[in-house]
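Heads up, the thing below is written out as structure tokens.
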Amino acid sequence: MGCGPDDAEGRVLSAPADPTRPVGAQTQLVEGGRRAEWTQGIVNPAVWRASTVLFNSVADLRAASTRPNDGLYYGRRGTPTQWALAEALTALEPGAEGTMLYPSGVAAVAGALLSVLKPGDELLVVDSAYEPTRAFCRTVLAPMGVTTRFYDPMIGAGIADLIGERTAAILMESPGSLTFEVQDVPAICAVARARGVATVLDNTWATPLLFRAIEHGVDLTVLACTKYIVGHSDAMLGSVTAGPGRFKRLRDLVHAYGIHVAPDDAFLGSRGLRTLAVRMRQHEAGGLAVARWLADQPQVARVIHPAMPGCPGHEIWARDFSGASGLFGFVLAGGDDAARTALIDGLVHFGIGYSWGGYESLAIPVDPAGLRTATEWAAAGPMVRLHIGLEDPDDLIADLAAGLRRFDAVVGSR
Ligand SMILES: *Cc1c(COP(=O)(O)O)cnc(C)c1O
């Protein structure tokens, strides 16, 4: 389900006007993966539903078998529907070798880690990682003899002290998707590269539009495409984009496990990708409007938004990222779970549910303390995570203002 170095050579959409001048990311989003032989003159690559591919002769069938990564071969290896999305994602990461697609973000994290680990190795995982990523370490890696050590998200170049004989890989997630610490990815990657350790980044919050992982030294960059790439909360999808020397093993494992992404889901990924830049600008603007308003409310102890001072690693965000998405959190000034629940339950413009990155706003309670093992989570009160969708920010603010009044009512009744 990928597209990389030995895939079909094809005509690009059109010859670049000036081959020495790299096109911008927004142009890449619009044009990526739309090879003429894949689109047949239609704007969007078609949805090809395929298992068997028919050949004209035994000779053609045999020829395809000797080059199974090059052109149509068998449905499991994908069709232009999946290749177009993989190629478009690769184009967003200058210096990348190729991209493999997965049926979910969790499957992509698993695929990236398995491509750089073997029994006896040690993996370093950021303490702020997505809980299902931690679960993969416990459920799959531990029984196969890979040990996991968790580290402080703010460790930076200090990661050098944790690297031992058996350390084979470092997993980063920046910002953390629950608590938003921004990691010094370039510093960690520089240390890792010098010590021969592979680096994997979960870049779901920023997408390659706001943080170019491969350019910053990452070996394998993971997206839960379910979030901002699909962008409409209607498909599950993941991707891993590989830097130099990392693609072949990644692809071999996808083929060995028989991983395949449904053409309709790949199409929804490509469809979402075209509008990523405009959606992201709106998520950023709406998110910051709501976050700045929240920061001024007496019931709010702390807003944790990578683009605002006070977020751990905010200065790293300012240095390395070209913008913010719409996901952040806030900590209430005191109160308990019942007060927080009153705040969330009555919201009318926010849905209550997992995931994020769609066009709609979401609110959930988050309790990071019990998830950590290497660092402590200390907070003045319970925490809420918000995803700010594409609604009018004023409506969302009015909704939250009413929520804070419900919070006050419960706190005041004690
Ligand atoms: C949602 C998420 C994932 C997993 O993606 P799914 O498509 O839901 O499996 C991985 N990493 C992060 C940071 C996420 O937010």
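Note that ligands are numbered from 1 as they come in the structure, with each ligand's atoms numbered from 1 the same way.
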* Are the side chain of Arg340 and the backbone of Pro365 linked by a donor-acceptor contact shorter than 3.5 Å? -> no

* Determine, using heavy atoms of Tyr354 and all atoms of ligand 1, whether some pair is separated by less than 4.0 Å. => no

* Would you mind listing which atoms of ligand 1 come within a distance below 4.0 Å of any non-hydrogen atom of Ser104? => 7 (O), 9 (O)

* **Atoms of ligand 1 close to Val106 [distance to a heavy atom under 4.0 angstrom, numbered from 1]** => 4 (C), 5 (O), 6 (P), 9 (O)

* **Close aromatic pair by centroid cut-off 6.0 Å: Tyr228 and Trp205** => no

* What do you reckon, does Val109 put a non-hydrogen atom under 4.0 Å from ligand 1? -> no

* Judged by modelled atom types alone, do Thr241 and Thr221 share a side-chain donor-acceptor pair under 3.5 Å? -> no

* Starting from atom 8 (O) of ligand 1, which protein heavy atom do you reach first, and at what distance in Å? -> Met236 CE, 3.5 Å

* Shortest protein heavy-atom distance from atom 7 (O) of ligand 1, along with the residue and atom involved -> Thr226 OG1, 2.6 Å

* Protein contact of atom 13 (C) of ligand 1 - nearest heavy atom, named by residue and atom, plus distance -> Asp202 OD2, 3.3 Å

* Will you find, in the side chains of Ser233 and Glu360, an N or O donor that is under 3.5 Å from an N or O acceptor? -> yes

* To do: Work out which heavy atom in Ala307 is nearest to a heavy atom in Ala324; give both atom names and the distance.
  => CB-CB, 4.1 Å

* Structure fact -> the protein heavy atom lying closest to atom 4 (C) of ligand 1 turns out to be Tyr130 CE2, 3.4 Å

* To do: For Thr167 and Arg195, test the side chains for any donor-to-acceptor distance below 3.5 angstrom and give the result as yes or no.
  => no

* Mind checking what makes ring pair (Phe, Tyr, Trp, His ring centres under 6.0 Å) contact with Tyr359, not counting sequence neighbours? -> His232

* **Over 12 foreign heavy atoms within 6.0 Å of CZ, Arg67** => no

* Taking only residues two or more places apart in sequence or in another chain, which ones pass ring pair (Phe, Tyr, Trp, His ring centres under 6.0 Å) with His305? -> Phe328

* Go through ligand 1 atom by atom and flag the ones less than 4.0 Å from a non-hydrogen atom of Gly105. => 4 (C), 5 (O), 6 (P), 7 (O), 9 (O)

* **Closest approach of any protein heavy atom to atom 2 (C) of ligand 1, naming residue and atom** => Lys227 NZ, 2.4 Å

* Can you list the atoms of ligand 1 that are under 4.0 Å from a heavy atom of Ser177? -> 13 (C)

* Any idea which atoms of ligand 1 are less than 4.0 Å away from a heavy-atom of Ala224? -> 2 (C), 3 (C), 4 (C), 5 (O), 10 (C)

* Asked: When only distance counts, is Glu173 in polar contact with ligand 1, meaning an N/O pair under 3.5 Å?
  -> no

* Element-labelled atoms of ligand 1 that are located less than 4.0 Å from some non-hydrogen atom of Trp356 -> 15 (O)

